[in-house]
Amino acid sequence: MRIGILGTGSMAEALGGQWARAGHEILVGGRSAARAEALAGRIGARAGTLREAARFGDAALLALPYDAVLGVLADAGPLPDDRVLIDCTNAIGPGLALTTGEGPGAARLIAAATGARVVKAFNHVTPAVWARTPPVFADGPLTVPLCGDDEQALALVATLVKDMGCAPLVTGPLHRADLLESATAFLIGLWHAGQDPRTLLPPPAALGG
Ligand SMILES: NC(=O)c1ccc[n+]([C@@H]2O[C@H](COP(=O)([O-])OP(=O)(O)OC[C@H]3O[C@@H](n4cnc5c(N)ncnc54)[C@H](OP(=O)(O)O)[C@@H]3O)[C@@H](O)[C@H]2O)c1
């Protein structure tokens, strides 16, 4: 596949590196041409502008702060028809509150602003996990929840998940991304407090009817 990556930071490097190693053609776009060139060199990709990355190939990863995404995409101009955007953002502010407030979450706001086929993915853990080769632990490959409204777009992102050694799990339509975004803020709070969220979860069979 051909994947555009908007951003030159940690998530861009971790995910772009995995996909480049898997043989995908990556174009990295950044607001700093020097940082885009440097990242492209590290992961074996091409460098370009944010506008080029937004329009490149089969899909584009939004590896930017949520607060920057809508402005960057507006500056990029009209996207190709049926554009697939992969939203890994966490719109989290002080006190781990969602900056998107009580209404639709980041993924739905991006979809509404662009008309693109948005898939929420990769937001629930850190770049250090995504950079592992592969992200496999004692219990097996890491499961990656995917939320989206378009079957083709979900299938495309599921392929990218499998190509990095993880297990995709379609968890519902894009409105479910609101819950994933809130759950991630909740998880981050536990991890920051030194807690292990896995201890909250009994085996499914123990839940009863
Ligand atoms: N880090 C995590 O643990 C983690 C985990 C899951 C999801 N995420 C989400 O993934 C996204 C990227 O996070 P990250 O950790 O990769 O961040 P990062 O390392 O700080 O990189 C952010 C990137 O966004 C660019 N950027 C910032 N403001 C911009 C603007 N106004 N216009 C254009 N580009 C701008 C930065 O460019 P410059 O280098 O020029 O500043 C940089 O390339 C965020 O939405 C974050 O919430 C992060």
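Order of appearance sets the numbers: ligands from 1, and atoms from 1 within every ligand.
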Atom CG of D139: over 12 foreign heavy atoms under 6.0 Å:
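Result for CG/D139: open.
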To the nearest 0.5 Å, atom OG1 of T126 lies from atom CD1 of I188 at 9.5 Å
Partners passing side-chain hydrogen bond (donor to acceptor under 3.5 Å, both in side chains) against D163 (at least two apart in sequence or in another chain):
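Here the qualifying residues are H24.
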Check side-chain hydrogen bond (donor to acceptor under 3.5 Å, both in side chains) between R117 and all other residues, then give those that pass, not counting sequence neighbours.
D150, Q152
Just jot down the ring pair (Phe, Tyr, Trp, His ring centres under 6.0 Å) partners of W130, sequence neighbours excluded, or say none.
F122, H124
Ion pair present between K120 and D87, side-chain N to carboxylate O less than 4.0 angstrom?
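Yes, charged N to carboxylate O under 4.0 Å.
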Atom-level proximity to ligand 1, residues with heavy atom under 4.0 Å
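If the criterion is a heavy atom under 4.0 Å, then ligand 1 touches G7, T8, G9, S10, M11, R31, R35, L50, A63, L64, P65, Y66, A68, V72, C88, T89, N90, F122, N123, V125, T126, P127.
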